[in-house]
Visitor: 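Below: one structure in structure tokens.
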Amino acid sequence: MLTIEVQKLSKTYSGRQVLKDIDFKVQSGEVFVLVGPNGAGKTTLLRILDLLEEPTEGRILFNETPVDYSAKDKVALRRRIGMLFQQTKLFDMSVSDNIAYGLKVRGEDKVTIEGKVRETLKLVQLQGYERKNALTLSGGEAQRVSLAQALVTEPELLLLDEPTANLDPRNISIIEEVLTNINREKRTTIIMATHNMFQAENLAHRVAMINNGKIEGVGTFQEIFGRPSEPVKNFVKFENVFSGLSTAFTEGTSIIDIGDRLKIEAAFKKSGYVMIHIPPEDIILSSQPIVSSARNMFEGRITQILETESAVKLKVKVGESKNFTVQVTKKSFKDLQLSIGTRIFLVFKASSVQII
Ligand code: ADP
């Protein structure tokens, strides 16, 4: 059981403050999700919680005791924490040996290690992978091995930094399932950063909105995103952000494969990995497929409806996991007779696709 309290924490890098006056408390067994744009300070905060870095000001308390950064205490504390980064490096050895590493360092005996590795492989649904070389795995499988590495030592606190970024829907759902299970069964406290709003909504007991190094709000997903404050609204503006491999064509357009068998046509010419944004107000909704000059049309299903004072925002799920936000006027919303579950076509121009 581990409660975490962060008090008046600030972090400065070469004179620049990247975390300012951070205060929050996470209960034992809670799933606490950090959301916020790139550069907000989420990774820095997670690294400080993992005791990889010290705060410039303020302090962290584990079970109401302030962290002692002397080597001996830090090692003992870090053994109670598991951390999974967005990009992890596995060792050039078998999957089993990769997972066993943390247990060997702790001096566990061979039989215990074998049992725990087997159990953890089952948890991440990679039975049969024991002898495979870890470097031959797909991105999603490798991330599940990294998760197994973090879990095999049965941490009381699990820290996750964008653990499913760039993964395919199947691997995302396996990882989400593992996190739900260990939180429920082992009461593991989880603090995670994510860009995936649906993930935040599904997993979080509470969400902290972090922006520009400051916490702008802490509460349930509904409390934070149901009644959005200005900074939250700004973050939501960044919805419809996708990434993928872009192929440029001579006529000045590109096709971006965002995964999930979805390809978006854009009016720019760029090859390679790109991140794109489609403004929600640039997407047209239609109840029928339409023939138009707009180059992109996808069929999806409405999963959320948010009425604001002037307009209606809808979340539309396309394919297995891509979530689009669309903004329509109140009148269109009424005329189209939309409700949760309605199947709808999203149409937008190649020129609405912006590169970020
Ligand atoms: P997020 O994870 O929310 O994208 P980060 O914590 O990675 O944000 O970064 C917050 C800010 O701190 C960024 O402006 C980043 O450039 C800066 N930063 C992070 N680590 C360092 C470092 N070691 N030295 C200097 N600046 C850093």
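None of these values were measured; they are calculated from a predicted model. In each ligand, atom 1 is the first atom listed, and ligand 1 is the first ligand listed.
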Visitor: Do the side chains of M93 and L147 join up, straight or via other hydrophobic residues, at under 4.5 Å, putting them in one cluster?
Guide: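 They do not share one cluster, since no chain of ILVMFWY contacts under 4.5 Å joins M93 to L147.
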Visitor: Show the atom names and distances, to 0.1 Å, of all donor-acceptor pairs under 3.5 Å that link a side chain in residues 105-114 to residues at least two apart or in another chain.
Guide:
from : atom 1 : to   : atom 2 : distance (Å)
R106 : NH1    : G102 : O      : 3.2
R106 : NH2    : R79  : O      : 3.0
D109 : OD1    : V111 : N      : 3.2
D109 : OD1    : T112 : N      : 3.1
D109 : OD1    : T112 : OG1    : 3.0
D109 : OD2    : T112 : OG1    : 2.7

Visitor: Is the Lys NZ or Arg CZ of K270 less than 6.0 Å from the centre of F268's six-membered ring, within 45° of the axis?
Guide: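 Cation-pi check for K270 and F268: fails.
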Visitor: Specify the closest pair of heavy atoms between I340 and I305, including all atoms of both residues, with the distance to one decimal.
Guide: N-CD1, 3.7 Å
Visitor: Where does ligand 1 get N/O contacts under 3.5 Å from the protein, atom by atom?
Guide:
from     : atom 1 : to  : atom 2 : distance (Å)
ligand 1 : 2 (O)  : T43 : N      : 2.8
ligand 1 : 2 (O)  : T43 : OG1    : 2.6
ligand 1 : 3 (O)  : A40 : N      : 3.1
ligand 1 : 3 (O)  : G41 : N      : 2.9
ligand 1 : 3 (O)  : K42 : N      : 2.9
ligand 1 : 3 (O)  : K42 : NZ     : 2.9
ligand 1 : 4 (O)  : G39 : N      : 2.7
ligand 1 : 6 (O)  : T43 : N      : 3.4
ligand 1 : 6 (O)  : T44 : N      : 2.9
ligand 1 : 6 (O)  : T44 : OG1    : 2.5
ligand 1 : 8 (O)  : G41 : N      : 3.1
ligand 1 : 14 (O) : R16 : NH2    : 2.6

Visitor: Could you work out, with side chain to side chain contact (heavy atoms under 4.5 Å, CB included) as the rule, every residue matching S138, not counting sequence neighbours?
Guide: E141
Visitor: Pairs of donor and acceptor atoms involving the side chains of residues 344-355, under 3.5 Å and at least two apart or interchain, shall be tabulated with distances.
Guide:
from : atom 1 : to   : atom 2 : distance (Å)
S352 : OG     : D282 : OD2    : 3.2

